[in-house]
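Lettering of chains follows the sequences in order, A, B, ..., and the numbering in each one begins at 1.
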Amino acid sequence: MFQDRLQAMLVPAVRAAFLDLFNQAPEAGAIGFQPTRPEFEGDATINVFPFLRLSGQGPEQTARAVGGHLVAHVPEVERINVVKGFLNIVISDAYWLTFLGETTGQDILQFPPTGKQVMVEFASPNTNKPLHLGHLRNIFLGWSVGRILGAAGNEVVKVQVVNDRGIHICKSMVAWRMFGNGETPQGSGLKGDKLVGKYYVEFDKVYKAEVAGLMAAGSTQADAEKKAPILLDAQDMLRRWEAHTPELRALWAMMNGWVYDGFNATYARAGVSFDRNYYESDTYLLGKEDVLKGVEKGVFFRKEDGSVWVDNTPEGLDEKVLMRADGTSLYMTQDIGTAIKRFEEFPGLARMIYTVGNEQDYHFKVLFIILKKLGFSWADELYHLSYGMVDLPGGKMKSREGTVVDADDLMDEVVAEARSAGEQLSKLDEFGEEEKSVLFEMIGMAALKYFLLKVDPKKRMLFDPKASIDLQGHTGPFIQYTYARIQSLLRKAGKLSTPTGQLAIDHYRLLPEEKVVIKLLHQFPAVLNESATKLDPSALANHTYDLVKAYNTFYQTVPVLKEEQEDRRAFRLALSMSVASTAKKAMWCLGMEVPERM
RNA sequence: GAUCCCGUAGCUCAGCUGGAUAGAGCACCUGCCUUCUAAGCAGGCGGUCGAAGGUUCGAAUCCUUCCGGGAUCGCCA
């Protein structure tokens, strides 16, 4: 494990310095190093202001004294300088070179196994319409968090809940029966999820027309919205579905089958998969018993009408219904049951993460409190990975207004953009058509994924279609490009390269451009750790960009293969190799691939 | 009304467990391909960190109030 190596070395040294000099030392946790700002000389900086009470001296004196002690006792500390209360520490080149030497050829972004099993739920679509941009943010996020947790040493179980039953499906079913004329994906060539979505839209059109008609005939709006015949049909269908009417179940299974084919195509293209699917049709009756047990335990209470409630006012929330008066269940009831079921199925689960939009913050807050009240020990290990909505330049996405960005269309678009940009550069002459398609797919998808993942998940984000297909600057393709560039170097290096072990570590003077890159590599494990802890891929995404950005500066300033001195050339190749392999692993964590050439 | 999230450059975002002159990308302007991939590099332009108070040696970062945007508070999922 390489994270925070420097910190691990310096913190005890600073404490030792304080003890020797002033007979008392700050708590280890209170000592925080930060990277030295570029305008000063140094690699690590500590601010001694908080410790002046311990030293009883002024900031400059304290910093100098501690710094002097470090220089004398820590071989890796080469020299120091003091600016006001800031103690800037210069770490020896030997330290950085040793770090690089020890880690070359190793995966610094793979931590040892923790022995923990973590479940990540994401995607969780409804089966009445195709996936859209919002799903993509969810899917990329959940997938990436799973990968990151895996890199951090956990065993990850990826799951989705498929909302395959309910009034929404019945709406599509009703409309398909009325207007479908037996249309199938095979017959029409339409992707299954698109076909079912089409009838969902069809339903809504008819419904609106009927509501308008009823209102024209004198109904109130509220009344009309409840009495529209097509809606009554759908409600009736739901009841008969719940009664297991065979003919309806068959229709339902057929249409859902179409949707799954469509979803699977989208998932495959997005590069994601699941270890376990939970179908709501299997789980929607779960949780009732648990709620009733809660009543017995006195954790929940019944109102006069027989409905069951939980009182969360002690937690600063409201009362919440868990079961209707007629004994039927609700969304919350199901979620209670599903969580319990999962922990039964996976007894070793240490954590469960729900990747769900922030409009459900309240729901999950309540869910977790309820499970805790029911006495489940694992209730504290539940986490709602809440992310913000994706806005379009024109405002919010609204499916009814046709302003949704379809996931498949979007992926087509970014890949087409990658193709047109790539062909303009005309450096892919030796690529076959097949190879080109693979490459453009890889590049386009990286542009899209990086665009969605570089932003802090909890923030609402603006999706600018033009910016998302950008291939320059702070983008996925920029990272891919740097990787391909290094691969080209390494191919050309061929047998020229000499093992880094031959580098005379004690005599090599690092160039500033080299040192910046090594330091970013050195920090990388700590960044992975941060991303894993915060369940936030954006930290990793941004650091990967910083790394390759610094590498590009190095690349364009310092000769690698052209370097005459063999040991320098070998060192620079080793550095390049480490950047490439680390960037590749980081991209893997983000769900993106990197090409050997582009 | 209550609760939660957000407000940093023209635009999109970093930075937020308090630290030095607030950073990138895009856009716009200048340079750099007869040396390793120019999807690149170097430089310029651009900021009262929503506002006001407070805590502190020190605040974009912590606290309070206010303003602005959004979400939630359904016996919908």
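The interatomic distance linking A:Glu359 (CD) with B:U72 (P) rounds to 7 Å, in whole Å. Rounded to whole angstrom, the span from the CG atom of A:Asp318 across to the P atom of B:G1 amounts to 17 Å. Rounded to whole angstrom, the span from the NE2 atom of A:His135 across to the C1' atom of B:A77 amounts to 12 Å. The CG-P distance, from A:Asp470 to B:C11, rounds to 18 Å in whole Å. Separating the CD1 atom of A:Ile46 from the P atom of B:G18 is a distance of 14 Å, rounded to the nearest angstrom. Atom NE2 of A:His363 is separated from atom P of B:G74 by 14 Å (rounded to the nearest Å). In this structure, the CE atom of A:Met442 is 15 Å from the C1' atom of B:A39, given to the nearest Å. Residue A:Lys458 contributes atom NZ, which lies 22 Å from atom P of B:G69 at whole-angstrom precision.
B:C4 and B:G46 have their C1' atoms separated by 35 Å, given to the nearest Å. Taking atom C1' in both B:G23 and B:G47, one finds a spacing of 11 Å when rounded to whole Å. Rounded to the nearest Å, the gap between the P atom of B:U64 and that of B:A22 is 27 Å. Across B:C49 and B:C62, the matching C1' atoms stand 15 Å from one another, rounded to whole Å. Taking atom P in both B:G68 and B:G50, the straight-line distance is 16 Å, to the nearest Å. A distance of about 22 Å separates the P atoms of B:A42 and B:G15, rounded to the whole Å. The same atom, P, is picked in B:U17 and in B:G7; the two are 14 Å apart, to the nearest Å. Across the C1' atoms, B:U48 and B:U12 are found 22 Å apart, a figure rounded to whole Å.
A 3.5 Å limit on both hydrogen-bonding distances identifies no Watson-Crick or G-U partner for B:G74. Searching all strands for a Watson-Crick or G-U wobble partner of B:C62 with both distances below 3.5 Å returns B:G54. With both pairing distances under 3.5 Å, B:A14 is matched to nothing as a Watson-Crick or G-U wobble pair. B:G7 is paired with B:C67 under the criterion used here, namely a Watson-Crick or G-U wobble arrangement in which both key atom distances are under 3.5 Å.
Residue-to-nucleotide contacts include a donor-acceptor pair under 3.5 Å from the side chain of A:Asp305 to the base of B:C75. Applying the 3.5 Å distance criterion, the base of B:C75 shares a donor-acceptor pair with the side chain of A:Ser307. For A:Asp335 against B:A77, a side-chain-to-base donor-acceptor contact under 3.5 Å is absent.
Closest approach to the A:Leu471 side chain among B:G19, B:U72, B:A39 is made by B:A39 (side chain taken as heavy atoms from C-beta onward). Relative to the side chain of A:Phe49, the nucleotides B:G19, B:A24, B:G23 differ in distance, and B:G19 lies closest. Distance from the side chain of A:Gln334 is smallest for B:A77 among the nucleotides B:A24, B:U3, B:A77. Looking at the side chain of A:Leu330, the nearest of the listed nucleotides B:A77, B:C4, B:A20 is B:A77. Candidate nucleotides B:A39, B:G19, B:A77 were compared by shortest atom distance to the side chain of A:Gln34, and B:G19 ranks first. Side chain of A:Glu280, nearest nucleotide from B:A77, B:C75, B:A22: B:A77. Ranking B:A20, B:C75, B:U72 by closeness to the A:Thr45 side chain, first place goes to B:A20.
Using a 4.0 Å heavy-atom criterion, one finds that A:Tyr362 contacts the sugar-phosphate atoms exclusively. If you check every strand for non-hydrogen atoms under 4.0 Å, A:Pro50 touches a base. The residue A:Leu52 sits apart from the nucleic acid: no heavy atom pair falls under 4.0 Å. Using a 4.0 Å heavy-atom distance criterion, A:Gln360 is classed as a base contact. Within the 4.0 angstrom heavy-atom criterion, base atoms lie near A:Tyr331.
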TODO: Evaluate the criterion side-chain hydrogen bond (donor to acceptor under 3.5 Å, both in side chains) for residue pair A:Asn552 and A:Thr482; output intermediate values, then yes/no.
DONE: CA-CA 7 Å; A:Asn552 278 324; A:Thr482 310; 3.0 Å; yes

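A:Gln360 and A:Tyr331 share a side-chain donor-acceptor pair at under 3.5 Å.
The aromatic rings of A:Phe203 and A:Tyr207 lie parallel to each other, with less than 30° between the two planes, well short of the 60° mark.
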Atom pairs, protein N/O to nucleotides 12-16 of chain B N/O, distance under 3.5 Å:
| unit_1 | atom_1 | unit_2 | atom_2 | d |
| --- | --- | --- | --- | --- |
| B:C13 | OP1 | A:Leu462 | N | 2.7 |
| B:A14 | OP1 | A:Asp456 | N | 2.7 |
| B:A14 | OP2 | A:Lys459 | NZ | 2.8 |

Strictly under 3.5 Å: I want the nitrogen or oxygen pairs between protein and nucleotides 35-37 of chain B, one per line.
| unit_1 | atom_1 | unit_2 | atom_2 | d |
| --- | --- | --- | --- | --- |
| B:U35 | O2' | A:Lys562 | NZ | 2.8 |
| B:C36 | O3' | A:Lys492 | NZ | 3.1 |
| B:C36 | O2 | A:Leu561 | N | 2.9 |
| B:C36 | N3 | A:Val560 | N | 3.1 |
| B:C36 | N4 | A:Tyr555 | O | 2.5 |
| B:C36 | N4 | A:Val558 | O | 2.7 |
| B:U37 | OP1 | A:Ser488 | OG | 2.8 |
| B:U37 | OP2 | A:Ser488 | OG | 3.1 |
| B:U37 | OP2 | A:Lys492 | NZ | 2.7 |
| B:U37 | O2' | A:Tyr481 | OH | 2.2 |
| B:U37 | O2' | A:Arg485 | NE | 3.0 |
| B:U37 | O2 | A:Lys427 | NZ | 2.6 |
| B:U37 | O2 | A:Met598 | O | 3.2 |
| B:U37 | N3 | A:Met598 | O | 2.8 |
| B:U37 | O4 | A:Ala484 | O | 3.2 |
| B:U37 | O4 | A:Met598 | N | 3.3 |

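Contact check, A:Lys549 against B:C41: a side-chain N or O comes under 4.0 Å of OP1 or OP2. Remark: A:Lys84 is not in phosphate contact with B:C57, judged by side-chain N or O atoms under 4.0 Å from OP1 or OP2.
Using modelled atom types, one side-chain atom of A:Thr355 and one backbone atom of A:Glu121 make a donor-acceptor pair closer than 3.5 Å.
A cation-pi geometry, defined here as NZ or CZ lying under 6.0 Å from the six-membered ring centre and within 45° of its normal, holds between A:Arg342 and A:Tyr278.
Base orientation of B:C32: anti, since the glycosidic angle falls outside 90° of 0.
Comment: A:Asp536 does not engage A:Lys458 in a salt bridge, judged by the lack of any side-chain N to carboxylate O separation of less than 4.0 angstrom. Between A:Asp470 and A:Lys466, no side-chain nitrogen of the basic residue sits less than 4.0 Å from a carboxylate oxygen of the acidic one, so the salt-bridge criterion is not met.
A 4.5 Å side-chain heavy-atom check between A:Leu238 and A:Glu242 finds at least one atom pair inside the cut-off.
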